[in-house]
Amino acid sequence: MSKPSIPQGTRDFSPAEVRKRQYIFNTLRNIFETYGFQPLETPAMENLVTLTGKYGEEGDRLIFKILNNGLHEKKEDDKVKLNDEWNKVLSKPYSSPVVTERALRYDLTIPFARYVVMHQNELAFPFRRYQMQPVWRADRPQKGRYREFWQCDADVVGSTSLINEAELLCIYQSAFYQLKVPQVTVKINSRKLLAGISELCGTPELMMDITIALDKLDKIGWDGVAKELQQRGINDEGIAQVQKVIAVAGNNEEKLAALETIMQNSTTGLQGINELRQTLAYHKELADDAWDSKVEVDISLARGLNYYTGVIVEVTTSAVQMGSIGGGGRYDDLTGLFGLKDLSGVGVSFGIDRIYDVMEELDIFPKQLNTGASVMLVNFGGANEQYALQILKTLRKENIAAELYPDAVKFDKQMKYANKRSMAYVLLPGDEEREKNMISVKNFATGKQEMLSIEECIAILGTV
RNA sequence: GAGGUUGUAGCUCAGUUGGUUAGAGCAUCAGAUUGUGGUUCUGAGGGUCGAGGGUUCGAGACCCUUCAUCCUCCCCA
């Protein structure tokens, strides 16, 4: 028999890990709820056609497709066809509904758009929802990159107000403040600014190419970007324009002012600048002074998803070598893909697996998450076991988390188990205790032990 | 899709130019100790050295193939 294993890029989460992950989930959930977002869940799988074409060419390649399993092939002919088509399908990006018509969720935004279109008549717009579920990508796993990972998204659909953008910035700042992740920067940019740049270059149709090249600025430097721009068909004059734009420095307002001068002939570019200004103004009203992360205009921020149209954001921390830990933006016509026009949305996503990795590396999870706060009753068997069950019942009625060691095995073994489980208290319901209708309570941290009445015991354990 | 890394006990890893029966720490189990855990001490179990083939008198080590893993690029959270 071969050793058991799990698929590449997936992980088991042991109890201590789950507790830490839940700490992150709970923190985010609280914030989302505080900002008026409502919970939503969608299926792990979607129809393939729902997903294809939404994430760019590279994205399509990374969608996990589910092989049709015969449930839908009623005729023998169809089953033969399935076999024939399967080989062809393995060569991306070709796919055929004969072989696969379902796929695993790639992100939470597209399913959300699909949901909104399907439920448009029952929703109150603007609709604010948050969603925390796993997504799957057929990517090559590496540091901070998994094939199964969780996203926590908050989106507002049905409102073009930039207050929404400002609120989402606040959500990011509040979250990383509460989680105590240090050196966080929320980078903000606008697709309209990027469009403005490509206008300046005289090649508005090459916006995506310019964007992709620009995005690599902090990785390959200006020389690398210039080289890539050249390869992507931008002439020297255009490259000079791009250089002028990325040379812009200073604080956010100084950057925007400088860009305004450069972009004076681009209506789209100016529009982008105004949107950023307004967003930052709203944000200033809403932001808490205690939040220590920076919100920074970054003209080189691109983001690959091709449905973004307005403000785009991305979150990084310089405390750890790690890709972005969150991202999002405005999409003007997401639901249009599914037939519902003129509905604008904006949203952000938290990459909680990466946030976990960052927090783990920095060792900043609260310590008390690891220590069990529970109670164990030793099983002495016979009448004592019955007595223990009665106490167990009473404790649970008092909402005290407790367990009885199920087997009347050697005392030593039971104590070792309690120790390994980091029990806070161990209760000893033995002959003497039973006869006196009392219970010996041992504090497992201090080792101190005393015999108490059941009421006294509850009073002590209730504070754990 | 391209490039590299590492595969030896449940886990983390030693293992010399190829040489007897492949080791350690941790973990597990048992005992010291059948009403007192953590710290000790003693002992035990546990391996087709990732898999297949080749070279050799002899392979954990060298060669080929293959699988897995982690990392980098691409792209992304």
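The analysis underlying the following values was restricted to heavy atoms, covering all of them including side chains, and did not include hydrogens, waters or symmetry mates. Each chain gets a letter, A, B and so on, in the order the sequences are listed, and its residues count up from 1.
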N/O contacts under 3.5 Å, protein versus nucleotides 31-34 of chain B?
from, atom 1, to, atom 2, distance (Å)
B:rG31, OP2, A:Lys410, NZ, 2.9

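- Side-chain atoms of A:Asp353 do not come within 3.5 Å of backbone N or O of A:Phe149 as any donor-acceptor pair.
- In this structure, A:Arg114 is not positioned above the aromatic face of A:Phe338 in the sense of NZ or CZ being under 6.0 Å from the six-membered ring centre and within 45° of the axis.
- Using atom C1' as the reference point in both B:rG37 and B:rU33, the two lie 12 Å apart (nearest Å).
- Looking only at side-chain heavy atoms (C-beta outward), A:Glu228 and A:Lys216 come within less than 4.5 Å of each other.
- Computed from coordinates, the A:Tyr146 OH to B:rC75 P distance equals 21 Å when rounded to whole Å.
- Side-chain atoms of A:Ser174 do not come within 3.5 Å of backbone N or O of A:Ile171 as any donor-acceptor pair.
- In terms of position along RNA chain B, the nucleotide closest to A:Gly430 lies nearer the 5' end than the nucleotide closest to the other residue of the pair A:Glu228 and A:Gly430.
- Remark: the separation of the P atoms in B:rA77 and B:rA2 is 24 Å, to the nearest Å.
- One finds the OH atom of A:Tyr55 at 5.0 Å from the CG atom of A:Leu51 (value rounded to the nearest 0.5 Å).
- Ring-plane geometry between A:Phe365 and A:Tyr356 is classed as tilted, the angle between the planes lying from 30 to 60 degrees on a 0 to 90 degree scale.
- Nucleotides B:rG58 and B:rU21 are separated by 14 Å at their P atoms, to the nearest Å.
- The CG atom of A:Asn384 sits 11 Å away from the P atom of B:rG35 (whole-angstrom rounding).
- For A:Trp291 and A:Phe176, the ring centers sit 6.0 Å or farther from each other.
- Within the structure, a side-chain polar atom (N or O) of A:Gln142 is placed less than 4.0 Å from OP1 or OP2 of B:rU72.
- Look at CG on A:Asn443: it is 18 Å from P on B:rU36, rounded to the nearest Å.
- Although no hydrogens or angles enter the test, the distance criterion places no donor-acceptor pair under 3.5 Å between the side chain of A:Thr203 and the main chain of A:Glu205.
- To the nearest whole angstrom, the two P atoms, one in B:rU16 and one in B:rG1, are 37 Å apart.
- Summarising the geometry, the separation between NZ on A:Lys216 and C1' on B:rC74 is reported as 7 Å, rounded to the nearest angstrom.
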A:Tyr405 vs A:Tyr417, ring-ring contact (aromatic ring centres under 6.0 Å, His included): CA-CA, chis, key distance, verdict
CA-CA 9 Å; A:Tyr405 196 94; A:Tyr417 169 82; 5.2 Å; yes
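- Consecutive Watson-Crick or G-U pairs involving RNA chain B, each under 3.5 Å on both distances, make up stems of three or more pairs at B:1-4 with B:70-73, B:10-13 with B:23-26, B:28-32 with B:40-44, B:50-54 with B:62-66.
- The CD-C1' distance, from A:Gln414 to B:rG38, rounds to 17 Å in whole Å.
- Evaluation of atom-type donor-acceptor distances gives a pair under 3.5 Å for the side chain of A:Arg354 against the base of B:rC76.
- At whole-Å resolution of the value, CZ in A:Phe25 and C1' in B:rA77 are 13 Å apart.
- Within 3.5 Å, no donor on the side chain of A:Asn419 pairs with an acceptor on the base of B:rG38, nor the reverse.
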Write down the protein N/O and nucleotide N/O pairs, taken from nucleotides 2-4 of chain B, whose separation is under 3.5 Å; answer none if there are no such pairs.
from, atom 1, to, atom 2, distance (Å)
B:rA2, N6, A:Arg140, NH1, 3.4
B:rG3, O6, A:Arg140, NH2, 3.0

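- Atom C1' of B:rC62 sits at a distance of 8 Å from the matching atom of B:rG18, rounded to the whole Å.
- For A:Lys420, the listed nucleotide lying nearest its side chain is B:rU28; candidates were B:rU28, B:rG35, B:rG1.
- Aromatic ring pairs are classed by plane angle as parallel below 30°, tilted from 30° to 60° and perpendicular above 60°; the pair A:Tyr308 and A:Tyr331 is tilted.
- The same atom, C1', is picked in B:rA9 and in B:rG15; the two are 14 Å apart, to the nearest Å.
- No N or O donor and acceptor, one from the side chain of A:Gln8 and one from the base of B:rU69, sit under 3.5 Å apart.
- Of all nucleotides listed (B:rU36, B:rC75, B:rG35), B:rG35 comes nearest to the side chain of A:Phe380.
- Nucleotides B:rA59 and B:rG53, compared at atom P, are 13 Å apart to the nearest Å.
- The side chain of A:Lys442 contributes no N or O atom lying less than 4.0 Å from OP1 or OP2 of B:rG35.
- Across the P atoms, B:rG23 and B:rA44 are found 14 Å apart, a figure rounded to whole Å.
- The six-membered or imidazole ring of A:Tyr130 lies near that of A:Phe32, with a centre-to-centre distance under 6.0 Å.
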